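Structure first, then comments.
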Amino acid sequence: MKKFAVFASGNGSNLQAIIEAVKAGDIKAELALVFSDNYKAYALKRAEEIGIPTLSLRPKDYTNKQSFERDLVIYLKERDIDFVVLAGYMRLLTPYFIKQYPQKILNIHPSLLPSFKGRNGIKDAFTYGCKVAGVTVHFVNEKMDNGPIIMQDSLKIYEKDTLESLTEKIHQLEHKVYPKAIALYVEDRLNVRGRKVKIK
Ligand code: GRF
């Protein structure tokens, strides 16, 4: 069975959805590690509560990004991690890290990429006046929110929606979509050709 790590910097609601999908047998892989760059991340608590190993490293304890990531990679290799799932990990991975896990890092972004990249995808779509919003699961490459798209789903923004109601709906959608995309990856059903990802 493949082993994977989830990287999360904050709340970890996507991590929770992934944990449930693993428990239910929908993701047939072992969630072997939850990593955070933030000691206080609630995501770490969620993992600890059910006995999933956790690791947190503070970037500010390192002289540079490279040495931080080098240490992280050592931990991942020690634990035989096959692939990495980013779930609210608020740091850009360097080309060094990405080369260690080529086409083996997944991310979820709360917008319909390539629109509204960056930290405030939901708010940016809302204030732009979009009538439709959505979520994107993609492979991670060296550019931010840029890699080949695995799955997207959308929802309507109604006039009565507030940023809060939209945020809530987007998160609900993420929790449905991300486990499905991870399951396809685990089952080797994703065929990547350039930017196109076909589902076998
Ligand atoms: C999600 O909206 C995800 O798309 C984005 O960061 C947020 C993390 O939320 N990358 P959570 O920590 O999973 O609750």
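Please read all numbers here as calculations on a predicted model, not as lab measurements. Whatever order the structure lists them in is the order used to number ligands and atoms, beginning at 1.
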> For ligand 1, which atoms, with element, lie under 4.0 Å from some heavy atom of Asn11?
Replying inline: 12 (O), 14 (O)
>> Using a plain distance cutoff, I'd like to know if Leu15 has any nitrogen or oxygen under 3.5 Å from a nitrogen or oxygen of ligand 1.
In response: no
> Quick check: are there more than 12 heavy atoms from other residues, nucleotides or ligands sitting under 6.0 Å from OH of Tyr39?
Replying inline: yes
>> As a check for students: among Glu174, His109, His175, identify the option with a heavy atom nearest to atom 2 (O) of ligand 1.
In response: Glu174
> Nearest to atom 10 (N) of ligand 1, what protein heavy atom do you find, and at what distance?
Replying inline: Ile108 O, 3.1 Å
>> Suppose we measure from atom 9 (O) of ligand 1 to each protein heavy atom; which comes out shortest, and what is that distance?
In response: Asn14 ND2, 3.8 Å
> Is the number of heavy atoms from other residues, nucleotides or ligands within 6.0 Å of NZ (Lys65) greater than 12?
Replying inline: yes
>> Tell me whether the count of non-hydrogen atoms from other residues, nucleotides or ligands lying under 6.0 Å of NZ in Lys77 goes above 12.
In response: yes
>> Under 6.0 Å from the ring centre and within 45 degrees of the ring axis: does the NZ or CZ of Lys160 meet both conditions for the six-membered ring of Tyr158?
In response: yes
>> Considering Gly121, Gly12, Gly10, Gly88 one by one, which has a heavy atom nearer to atom 12 (O) of ligand 1 than any of the others?
In response: Gly12
> For ligand 1, is there an N or O atom under 3.5 Å from any N or O atom of Met90?
Replying inline: no
>> Under 4.0 Å from a heavy atom of His171: which atoms of ligand 1 are those, numbered in the order shown and with their elements?
In response: 1 (C), 2 (O)
> Where is the tightest heavy-atom contact between Val137 and Ala181, given as atom of each residue plus distance?
Replying inline: CG1-CB, 3.7 Å
> Are there more than 12 heavy atoms of other residues, nucleotides or ligands under 6.0 Å from atom NZ of Lys104?
Replying inline: no
> Does the pair Lys169/Asp161 count as a salt bridge with the N-to-O cut at 4.0 Å?
Replying inline: yes
>> Is there a polar contact between ligand 1 and Ser13, counting only N or O atoms under 3.5 Å apart?
In response: yes
